[in-house]
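These notes concern the structure reproduced below.
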Amino acid sequence: MYFVTLLTNQFLYFKNREELTTSQQKIEELLITEKEKIQTFQPEDRIPYIYKMFESYYIFDNYKKLMIIFDSSGRTSYGLNKDVYDMLILDQLKVNPQNIDINVMLDKNIITGNEILTFELFRSLNASENIRLIDLSLNVPTKGGLPFISESKLFGYDVMYTTLRFDTRDDNSLFISVFLYPELDSDFLLSLNSALMVSAIIGILFLSIFGKFFTRRALKPLVELSYIAQSVNKEVLNYRIPPTESNDEVDTLIKSLNLMLQNLEEAFDNQKRFVSDASHELRIPLTIVLGYIDLLKTMGTDDKALLDESLTSIETEATHMKNMVEKLLILARLENNRVKVTYEWVSVLDFMEKGLAECERLYPSYHFKLDLKYTDDFYIDLEIMTQIFRALVENAVKYSPEDTTITFHSELKNQFVEVSLSDEGRGIAKESIANLTNRFYRLNEDRNRKTGGSGLGLAIVDALIKAQSGHMRIDSEVGKGTKVSLYVPKKTNNRSS
């Protein structure tokens with residue numbers, strides 16, 4: 001019976017995938033047909049028009065499909081036919097739909113460059129408080145990327161989903177996400193189970209007679225795969241095993257091994273690059289120190305001016321090496337989870353005001369101001385967060401002209417407290433932003449060691465904010481300035497209770 005049930009589930013799996021693939025193709029065809037017409041609509045009118053085009057896709061045969069259309073400005077199709085979504089979603093949660101809201105947020109992972117879509121379902125408790133019932137994060141195609149079918153969990157179901165991207169001439173991208181999950185049909189499954197039971201009995205009899213032959217035949221691709229895998233070593237990590245494209249278990253295994261090889265190759269490359277960069281960064285100050293020592297050995301120590309210059313330079317370079325090693329040790333401790341995080345409730349207003357006073361004292365040639373929309377408490381490690389802000393302020397000052405303004409912001413965004421810092425500096429090119437948290441990464445124009453630093457600052461900041469279960473986002477435009485935002489999870493402050 002277990003064998004029959006397994007075959008039944010496999011049948012439903014492939015049928016679901018086929019249904020979702022068909023829907024994806026129909027959506028692509030309709031979008032191509034209506035492309036020029038969609039381009040003529042204003043951004044706020046596009047979603048209603050597309051929604052009407054696809055309204056018939058919500059329920060299909062023995063399967064339910066849930067579709068959400070949204071754009072990069074945060075608009076969604078939820079309000080267009082709320083009753084349909086409430087029927088398909090809220091019945092599963094046994095929740096009264098009167099106080100339900102759906103929030104859709106599109107963000108970008110600054111490290112990988114992937115765009116992530118987050119659905120959040122909220123239930124309003126009162127006028128000022130709500131509770132999140134469920135959230136779901138999905139990878140969506142980047143600009144120019146192809147749609148793909150993935151699997152996830154939704155309300156306890158193993159769902160499949162696909163997201164198609166439609167880029168308009170005004171850069172206001174549209175996304176169509178389709179979720180598919182099975183609705184059990186007792187009669188359908190009963191007849192299918194009966195048929196599979198008979199097939200299973202026949203199959204067992206067949207395999208008992210021809211089992212050895214079929215076993216050898218079935219295992220042949222795995223044996224060949226084993227021989228190929230044994231030839232792979234650290235010197236040839238760039239080798240990839242050709243997939244069979246049969247979409248069976250062997251093909252899945254081959255693709256998994258290829259992905260593993262890709263990850264290993266990237267890890268080895270990162271390690272080699274790190275060792276090379278660290279060696280290069282340490283070689284420069286060591287060369288300077290040894291150069292001055294040789295100079296003193298040759299010229300002697302009688303020339304006081306030369307002696308003072310040599311000692312000052314040696315001290316400067318030694319301090320530079322010491323700071324770099326300390327930063328590398330901090331990163332190593334963070335990666336190994338050896339940094340102790342001590343949380344406490346801290347007033348955002350107090351934190352920002354103290355930071356402002358410190359900055360005005362340390363950098364009198366710059367202007368600092370507060371723009372605080374959230375002033376209550378947030379749950380952080382005060383010492384770590386202070387270290388982070390000092391590093392960000394130092395960067396802002398380093399790359400901004402004097403007599404410009406650096407602004408501290410705070411705001412409550414969904415389930416996160418956002419604290420950020422923006423400057424009026426020269427800004428950063430978009431293609432460089434994703435690399436800013438890489439170790440030893442510096443912009444080409446910053447290779448000069450007086451302004452470029454060690455290239456470890458933002459890597460440490462990113463690791464420190466992640467140690468507090470938060471994340472960082474960098475927005476910048478060349479010639480206009482840079483904004484660095486830190487997001488820490490919002491928690492309920494029960495200190496007064």
Side-chain angles (χ1 to χ4, degrees), residues 23-59 65-89 97 100-110 113-122 124 135-148 161-179 373 409 411-414 418 422 427 430-431 433 473 475-481 483 485:
S23 294
Q24 176 183 297
Q25 293 171 349
K26 289 181 179 179
I27 291 172
E28 288 180 313
E29 292 171 0
L30 283 171
L31 287 175
I32 292 173
T33 303
E34 297 291 325
K35 180 177 180 179
E36 294 300 322
K37 188 172 183 179
I38 294 173
Q39 298 273 18
T40 63
F41 284 90
Q42 293 296 318
E44 61 271 13
D45 297 326
R46 288 172 182 154
I47 289 180
Y49 178 77
I50 296 176
Y51 176 88
K52 293 298 182 184
M53 288 170 50
F54 300 130
E55 199 170 16
S56 60
Y57 283 100
Y58 286 119
I59 301 177
K65 292 182 183 176
L66 172 65
M67 175 182 291
I68 293 184
I69 309 169
F70 60 98
D71 64 15
S72 52
S73 299
R75 289 179 284 257
T76 135
S77 63
Y78 177 64
L80 299 176
N81 196 342
K82 187 173 184 294
D83 291 339
V84 173
Y85 291 104
D86 290 343
M87 178 183 68
L88 295 180
I89 297 179
I100 296 299
D101 289 304
I102 286 183
N103 179 47
V104 179
M105 181 171 62
L106 181 68
D107 206 346
K108 190 167 187 176
N109 188 314
I110 62 172
N114 294 330
E115 290 190 314
I116 299 174
L117 169 69
T118 302
F119 295 92
E120 295 178 310
L121 193 65
F122 291 91
S124 300
D135 63 349
L136 179 67
S137 295
L138 310 171
N139 287 323
V140 298
T142 55
K143 192 169 185 178
L146 297 175
F148 49 85
Y161 69 90
T162 183
T163 299
L164 295 91
R165 179 175 186 141
F166 182 87
D167 294 308
T168 59
R169 285 190 288 264
D170 55 13
D171 290 331
N172 189 36
S173 301
L174 289 155
F175 300 83
I176 299 95
S177 288
V178 182
F179 301 90
K373 298 179 181 178
H409 310 266
E411 189 174 349
L412 187 61
K413 286 193 174 180
N414 295 323
E418 176 195 22
S422 60
K430 289 184 178 180
E431 61 270 17
I433 291 177
R473 174 173 176 165
D475 298 288
S476 186
E477 187 174 348
V478 175
K480 293 188 178 181
K483 179 181 180 182
S485 303

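Below, all heavy atoms of this structure are taken into account, side chains as well, without hydrogens, waters or symmetry copies. For reference, positions follow the sequence shown, starting with 1.
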Nearest-0.5 Å distance, [atom1] of residue [X] to [atom2] of residue [Y]:
| X | Y | atom1 | atom2 | result |
| --- | --- | --- | --- | --- |
| Met67 | Ser23 | CE | OG | 7.0 Å |
| Arg75 | Asp45 | CZ | CG | 9.0 Å |
| Phe166 | Ile69 | CZ | CD1 | 12.0 Å |
| Met53 | Thr33 | CE | OG1 | 7.5 Å |
| Ile433 | Glu477 | CD1 | CD | 10.0 Å |
| Glu34 | Glu29 | CD | CD | 12.5 Å |

Side-chain touch [X]/[Y], heavy atoms, less than 4.5 angstrom:
| X | Y | result |
| --- | --- | --- |
| Ile47 | Leu174 | yes |
| Ile116 | Asn139 | yes |
| Lys26 | Phe54 | no |
| Thr118 | Asn414 | no |
| Arg46 | Asp71 | no |

Nearest non-hydrogen partners of [X] and [Y], listed with the distance:
| X | Y | value |
| --- | --- | --- |
| Lys483 | His409 | CE-CD2, 4.5 Å |
| Ile176 | Ile50 | CG1-CG2, 4.5 Å |
| Phe70 | Ser177 | CE2-OG, 3.6 Å |
| Asp167 | Arg165 | OD1-NE, 2.8 Å |
| Ser77 | Tyr51 | CB-CD1, 3.8 Å |
| Leu164 | Pro147 | CG-CB, 3.9 Å |

Is there a donor-acceptor pair under 3.5 Å between the side chain of [X] and the backbone N or O of [Y]?
| X | Y | answer |
| --- | --- | --- |
| Glu418 | Ser485 | no |
| Ser476 | Gly481 | yes |
| Thr168 | Ser173 | no |

Got a sec, which residues hit side chain to side chain donor-acceptor pair (under 3.5 Å) with Ser73, two or more places apart in sequence or on another chain?
-> Asn172
Can you label the angle between the Tyr161 ring and the Phe179 ring as parallel, tilted or perpendicular, going by 30° and 60°?
-> tilted
